[in-house]
2 protein chains.
Amino acid sequence: MREVAALAGVSAATVSHVINGTRFVSDEVRGRVDDAIARTGYVSNVLARSLRVGTTRTIGHIVTDIENPFFAEVARAVQMDALRHGYVTMIANSDEDPAAERLCVETLIERRIDGLVIAPCGGSVNKSCFARLVEARIPTVLVNRDIRGAGMPLVTVDYRRAGYDATKILLDKGYDRIGVVAGPHAVSSTAERLSGYAHALQEREVAPDANLIFHGIGKVEDGYNAGKRLLRSASRPQALLVFNSSMMTGLLAAMNEVGLTTNDVPAVVFQGRVFDAVLPEVWSVRQPTEELGRVAFDLLLRMMRDGWSDDGGPVGGSRVSAMSRITAVRAELFDPKVPSPDGRSKEPVSGGVH
Amino acid sequence: MREVAALAGVSAATVSHVINGTRFVSDEVRGRVDDAIARTGYVSNVLARSLRVGTTRTIGHIVTDIENPFFAEVARAVQMDALRHGYVTMIANSDEDPAAERLCVETLIERRIDGLVIAPCGGSVNKSCFARLVEARIPTVLVNRDIRGAGMPLVTVDYRRAGYDATKILLDKGYDRIGVVAGPHAVSSTAERLSGYAHALQEREVAPDANLIFHGIGKVEDGYNAGKRLLRSASRPQALLVFNSSMMTGLLAAMNEVGLTTNDVPAVVFQGRVFDAVLPEVWSVRQPTEELGRVAFDLLLRMMRDGWSDDGGPVGGSRVSAMSRITAVRAELFDPKVPSPDGRSKEPVSGGVH
DNA sequence: CTGTTAGCGCGTTCAG
DNA sequence: CTGAACGCGCTAACAG
């Protein structure tokens with residue numbers, strides 16, 4: 001910067017003002033400065049600026065598994081939207097492990113992020129670490145999973161309704177014994193989908209059966225194990241609800257082994273777009289990941305701009321005073337029976353282990 | 001920091017040395033400092049440190065599509081390995097768009113990254129932007145795709161061999177007319193796989209047919225369009241080589257529409273683990289993504305540590321003098337005919353549109 | 001063994 | 001309309 005200033009025959013202050021447009025500079029001087037910048041290939045030091053200004057224009061984004069297409073899509077949306085607004089995103093993986101999550105949060109706080117979008121891992125193990133976030137006054141929004149008592153805004157899918165609707169699809173087709181390949185107990189999205197499932201059963205006066213529910217952490221092996229357990233039993237389910245596509249993959253491998261197809265055991269898969277176009281009697285529920293990410297970032301942006309009230313959510317004048325802590329988006333159903341280029345129909349359902 | 005120093009009754013310098021272990025501090029003083037740090041909740045300002053030290057312990061990672069499982073897996077490996085070594089990763093999406101790629105690179109340079117791992121987008125459009133990287137002396141390693149004349153080290157899969165082996169699987173089963181659902185012309189991994197394909201055909205004295213090759217950019221729609229074009233023609237291929245799993249999904253939708261299954265048209269899919277366990281007559285070639293990411297970061301780490309020679313690759317004493325610019329890893333074949341929990345066999349092939 | 005000083009590169013008063 | 005001086009928080013060189 002000094003170099004540029006010298007070359008343009010002005011002071012460093014003027015260079016700064018030219019760059020930031022922060023006060024009037026005569027056209028002639030501005031010209032000389034711009035020229036010098038171009039000639040020097042000067043790029044202003046963001047570190048020094050951040051140090052001075054106290055803001056990094058960097059946000060953090062912690063997910064439990066970037067390899068999960070669901071989170072990959074959310075991450076992509078967050079990242080793109082952030083970039084459009086001049087923010088850079090640091091994506092980190094917690095791997096569904098509280099210790100790793102803590103490390104991620106610490107690291108990001110240390111890096112002085114301006115805000116955080118996080119899909120927390122199950123349980124409320126990491127209370128202290130979330131406490132540090134509020135203590136450091138770092139605006140934070142939760143995506144997809146709630147944390148009881150964290151007092152942070154949440155952007156999510158209406159999973160209870162999604163679970164309800166998905167179950168009803170199968171009930172309407174005449175299946176009563178519906179098995180579930182679910183995610184971890186402690187994760188709110190799992191709990192809510194199960195609650196919707198239970199509600200749908202109850203409406204039809206179908207007695208719930210705990211043996212029909214399998215909990216995994218969402219990996220391929222979990223689906224395989226679920227298949228081995230659920231399909232082998234004497235009274236095997238007539239149909240299945242599968243909470244993500246990785247587990248569906250494992251499930252299909254298990255079905256292969258015992259000589260079953262989805263004609264024998266129809267299924268509804270959350271975020272299972274890969275399957276619904278290809279396999280008979282398979283439907284999928286799509287969560288609008290792009291919207292989830294975008295909404296989350298926009299909320300964060302408002303919090304970063306307008307400040308942050310401790311009861312969660314952006315503080316503000318009357319304009320946003322009625323905002324609830326939870327923003328939920330709806331999901332859609334893909335029906336393979338009406339094939340189209342991407343194998344989906346327009347028939348909407350609501351919301352979709354993530 | 002001053003606060004901590006005051007509380008402990010020492011100077012700022014001592015606090016710094018306690019934190020960094022950069023010179024001997026008496027146990028008593030160290031105790032007082034640690035105590036003050038704990039009491040204050042002080043977290044040292046990485047920005048100021050970076051400004052002083054000239055290094056950010058941050059690396060960039062640019063991929064063409066984070067939603068592509070292949071890149072997600074590579075990114076994860078890079079990120080995890082980097083974290084283990086105290087580096088934070090900024091992941092950015094170029095979206096297969098040279099302009100976006102340029103923006104990513106500029107942004108990351110501005111952020112003063114210490115190094116970069118990049119899967120460049122096709123073509124050599126962005127020469128100038130890569131020039132800026134060498135100009136700024138930012139160690140860079142390419143993953144998965146080469147750039148002619150960039151003089152940067154490349155970590156990749158042996159795609160030529162992978163293409164050759166994948167083709168031979170089908171030839172050995174007696175199929176001569178093999179269609180290809182490929183990636184963009186300009187991408188080296190596509191070109192190399194096609195070269196392996198051509199080589200395998202030539203060995204069997206099968207005449208190549210340009211009408212059998214379809215180029216897409218790797219999306220679901222591309223696979224669908226490929227299916228419409230290749231399968232509808234009078235002389236349709238007996239079998240298919242599909243360059244990634246998204247295109248396979250689209251292809252299957254197209255097959256569905258025309259009433260074909262993979263029994264009619266067998267296929268080998270690159271990185272198609274989702275399919276091989278589930279569909280008959282489908283094999284997949286897996287690229288070792290985790291290894292790719294790890295090897296790339298390790299190489300980058302050496303470059304950041306030991307300096308960087310202009311002919312590409314880390315400079316060094318005799319120890320690494322014989323290192324070639326290209327590091328290639330081998331891929332494996334998954335055979336669904338020997339099902340196991342994750343539906344793979346041990347039969348290896350070598351290395352998948354990315 | 002520890003304290004003092006100077007400067008990394010910027011943005012921002014305050015004088016002119 | 002522009003320049004000089006200060007400080008953001010930290011580390012490295014030097015002094016004791």
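Naming convention: chains lettered A, B, ... in sequence-line order (proteins, then strands); numbering from 1 in each chain. Only a predicted model underlies this, so the values are computations on that prediction, with no experimental measurement involved.
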[X] [atom1] to [N] [atom2]: how many Å, rounded?
X        : N       : atom1 : atom2 : value
His17(A) : dG11(C) : NE2   : P     : 9 Å
Arg2(B)  : dT4(C)  : CZ    : P     : 13 Å
Ile19(A) : dC10(C) : CD1   : P     : 7 Å
Met1(A)  : dT12(C) : CE    : C1'   : 11 Å

- request: Find which nucleotide of DNA chain C each of Val53(B) and Val25(B) is nearest to by heavy atoms, and output the residue with the more 5' nucleotide.
  value: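 Nearest-nucleotide comparison on DNA chain C picks Val25(B).
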field: Along DNA chain C (nearest heavy atom to each residue), the more 5'-positioned of Ala12(A) and Arg32(B)
entry: Arg32(B)
- request: Start with the C-alpha gap between Arg57(B) and Ser50(B), add the side-chain angles, then the distance that decides, and say whether side chain to side chain contact (heavy atoms under 4.5 Å, CB included) holds.
  value: CA-CA 8 Å; Arg57(B) 290 192 85 76; Ser50(B) 292; over 6 Å; no
Rounded to the nearest 0.5 Å, how far does [atom2] of [Y] lie from [atom1] of [X]?
X         : Y         : atom1 : atom2 : answer
Cys129(A) : Ile109(A) : SG    : CD1   : 7.0 Å
Ile37(B)  : Ser44(B)  : CD1   : OG    : 8.5 Å
Ile62(B)  : Arg102(B) : CD1   : CZ    : 12.0 Å
Leu292(A) : Asn144(A) : CG    : CG    : 6.0 Å

message: Please determine whether side chain to side chain contact (heavy atoms under 4.5 Å, CB included) holds for the pair Leu47(A) and Glu110(B), giving the CA-CA distance in whole Å, both sets of side-chain angles, and the decisive distance to 0.1 Å.
response: CA-CA 9 Å; Leu47(A) 267 56; Glu110(B) 195 178 85; over 6 Å; no
- prompt: Of all nucleotides in DNA chain D with an atom under 4.0 Å from a non-hydrogen atom of chain A, which is the first and which the last going 5' to 3'?
  reply: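 Contact boundaries, 5' end first: dC1(D) to dG9(D).
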For nucleotides 5-7 of chain C, print each protein N/O atom paired with a nucleotide N/O atom at under 3.5 Å, atom names and distance only.
from   : atom 1 : to       : atom 2 : distance (Å)
dG7(C) : N2     : Arg52(B) : NH1    : 3.0

Any base atoms under 4.0 Å from [X], or only sugar-phosphate, or nothing? Heavy atoms, all strands.
X        : answer
Arg23(B) : base
Val29(B) : sugar-phosphate
Thr14(A) : sugar-phosphate
Val10(B) : sugar-phosphate
Ser44(B) : sugar-phosphate
Ser16(A) : base

message: Quick one: does any side-chain atom of Thr140(B) pair with a main-chain N or O of Ile138(B) as donor and acceptor, under 3.5 Å?
response: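 Yes, because the side chain of Thr140(B) sits within donor-acceptor range (under 3.5 Å) of the backbone of Ile138(B).
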query: Is there side-chain contact between Pro153(B) and Met303(B), with at least one heavy-atom pair below 4.5 Å?
result: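 In contact.
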message: So, does Asn20(A) get its side chain near the phosphate of dG11(C), meaning an N or O under 4.0 Å from OP1 or OP2?
response: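 Result: yes.
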- line: Exactly one of Asp114(A), Val117(A), Val78(A) clears side chain to side chain contact (heavy atoms under 4.5 Å, CB included) with Leu300(A), and that residue is Val117(A)
